[in-house]
There are 2 protein chains.
Amino acid sequence: MAIDTRERLVNAASRLFRRQGLAGTGIKQILSEANAQFSSLYHYFPGGKDELAADVIRASGLHYQELVEAVWDAAPDVVAGLNDIFKGAASVLEATDYADACPIATVALEVASTNEPLRAATAEVFDAWTDRGTARFASAGIGAAEARRLTLAVIALLEGAFILCRATRSTEPMVSAGEAAVAVVRRAFGSLEADPNAAARTLSTERC
Amino acid sequence: MAIDTRERLVNAASRLFRRQGLAGTGIKQILSEANAQFSSLYHYFPGGKDELAADVIRASGLHYQELVEAVWDAAPDVVAGLNDIFKGAASVLEATDYADACPIATVALEVASTNEPLRAATAEVFDAWTDRGTARFASAGIGAAEARRLTLAVIALLEGAFILCRATRSTEPMVSAGEAAVAVVRRAFGSLEADPNAAARTLSTERC
DNA sequence: GTCTATAAACCGATAGAC
DNA sequence: GTCTATCGGTTTATAGAC
């Protein structure tokens, strides 16, 4: 039960931070939602709110990465998986009244110029996502440098679409972003070989 | 001098909101940076912080739109202008130590699920940007529906790249996002006509 | 580890003199 | 319109009993 308290704190804070941001979420609200006490928070996180936030950023960043990778793994090929990721993001947005998007984006913008340790934590998360995406594209046959460029563009499309969707309460930007992501990645696969048949074979089982 | 006070308040708040967010910026800090008094703020904005924030969102959103459109107008064609916009964003990020990015993104994420009037204000800004971009692509010969999809993808790329760049303190994501933006838009121009020579003519004067 | 009580600072907002 | 003083509430964080 003691260990549970720490987990409940992280989960509650994660849920609140991504909806209200870091500065917009009070410790009392976190404690209330986690059914925990002041003493528990400062017992597990002697550094207070910032130490909790650093843990939340790393934990929710990794959790979201695993979620996305699971969707990607379930797809028949890289491009189809990419399509599923954007479609899934749109579904979650609709299902949660545009509350659940990127778990760290709001906090990342808040701390980028105000809290160096937390900024570094968000950078670690984005770097990990970038490395994993790059490896995935590379293992599908795209050169390392191009794979990294593609990954950065795809993450940017996803993050930017989250902002537009949440602000306008519409999934339309996520749909357009997904189409663009598929287009740029498909283009990279297409230019892999001069022979268009070879490229077609690589993508032969894709869904979309 | 009285009118100046209102303008100083909006400018100071705009500068602070985009760096620290809405919840992370106190009224006293705004007053201090604007060299203004409590009474001035509540004189010009009887609704307090929220009314000031609504004004800041609309003003800075419009200002950024005009800035981007000026860059776009100065370019020889649509694709070259797009390239200039992303290159310019990267330059500003570097010049400001990754502080000056989108003027409303941080606030937009903060208020999306917590403050309906301010969320609506951010939606108005993004809708205006979307309409202007759509009109620009459409006047360059792309169909209205496709022009809108392209615009949403381009704005998402820019906004997402801002997050990644600020978090990682690197312009690399903005460069990759710019390349992707150019690629998807060029692709739309390329499929305008089956005749590749005609498409080449359309883009013949582009820089990049 | 958990609980209660509280410190010390800061928050947005307002009152009233001038 | 501007200034000073302050209200009432909330913030993060800590102290000390159990």
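Computed from a prediction, not measured in an experiment: that's the story for all the values here. Both backbone and side-chain heavy atoms feed into the values below; hydrogens, waters and symmetry mates do not. Quick note on labels: first sequence line is chain A, next is B, and so on, each numbered from 1.
- Atom CG in B:Leu31 sits roughly 15 Å away from atom C1' in D:dG1 (whole-Å rounding).
- Sorted pairs that involve residues 38-53 of chain B and meet salt bridge (charged side-chain N to carboxylate O under 4.0 Å, His left out), not counting sequence neighbours, are lacking altogether.
- In this entry the distance linking NE2 of A:His43 with C1' of D:dT14 reads 16 Å, nearest Å.
- Sorted by first and then second residue, the salt bridge (charged side-chain N to carboxylate O under 4.0 Å, His left out) pairs with a member in residues 132-142 of chain B read B:Glu69-B:Arg132, B:Glu69-B:Arg136, B:Asp73-B:Arg136; sequence neighbours excluded.
- Residues passing the salt bridge (charged side-chain N to carboxylate O under 4.0 Å, His left out) test with B:Asp127, sequence neighbours excluded: none.
- B:Arg8 places its CZ atom 13 Å from the P atom of D:dG1, with the value rounded to the nearest Å.
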Quick test: give all pairs of protein nitrogen or oxygen and nucleotides 13-18 of chain C nitrogen or oxygen below 3.5 Å, distance rounded to 0.1 Å.
residue: C:dA13; atom: OP2; partner: B:Tyr42; partner atom: OH; Å: 2.9
residue: C:dA13; atom: OP2; partner: B:Lys49; partner atom: N; Å: 3.0
residue: C:dA13; atom: O5'; partner: B:Tyr42; partner atom: OH; Å: 3.1

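- In this model, the phosphate group of D:dT2 is not approached by any side-chain N or O of B:Gln37 to a distance below 4.0 Å at OP1 or OP2.
- Of the side-chain N and O atoms in B:Ser40, one or more sit less than 4.0 angstrom from OP1 or OP2 of D:dT2.
- The salt bridge (charged side-chain N to carboxylate O under 4.0 Å, His left out) contacts involving residues 91-115 of chain B comprise B:Arg18-B:Asp100, B:Arg19-B:Asp100, B:Asp97-B:Arg169, where partners must be two or more places apart or lie in separate chains.
- For residues 29-44 of chain B, the salt bridge (charged side-chain N to carboxylate O under 4.0 Å, His left out) pairs, not counting sequence neighbours, are B:Arg15-B:Glu33.
- Defined by atom type and a distance below 3.5 Å, a donor-acceptor pair is present between the side-chain atoms of B:Gln20 and B:Thr25.
- In this model, the phosphate group of C:dT2 is approached by a side-chain N or O of A:Thr5 to a distance below 4.0 Å at OP1 or OP2.
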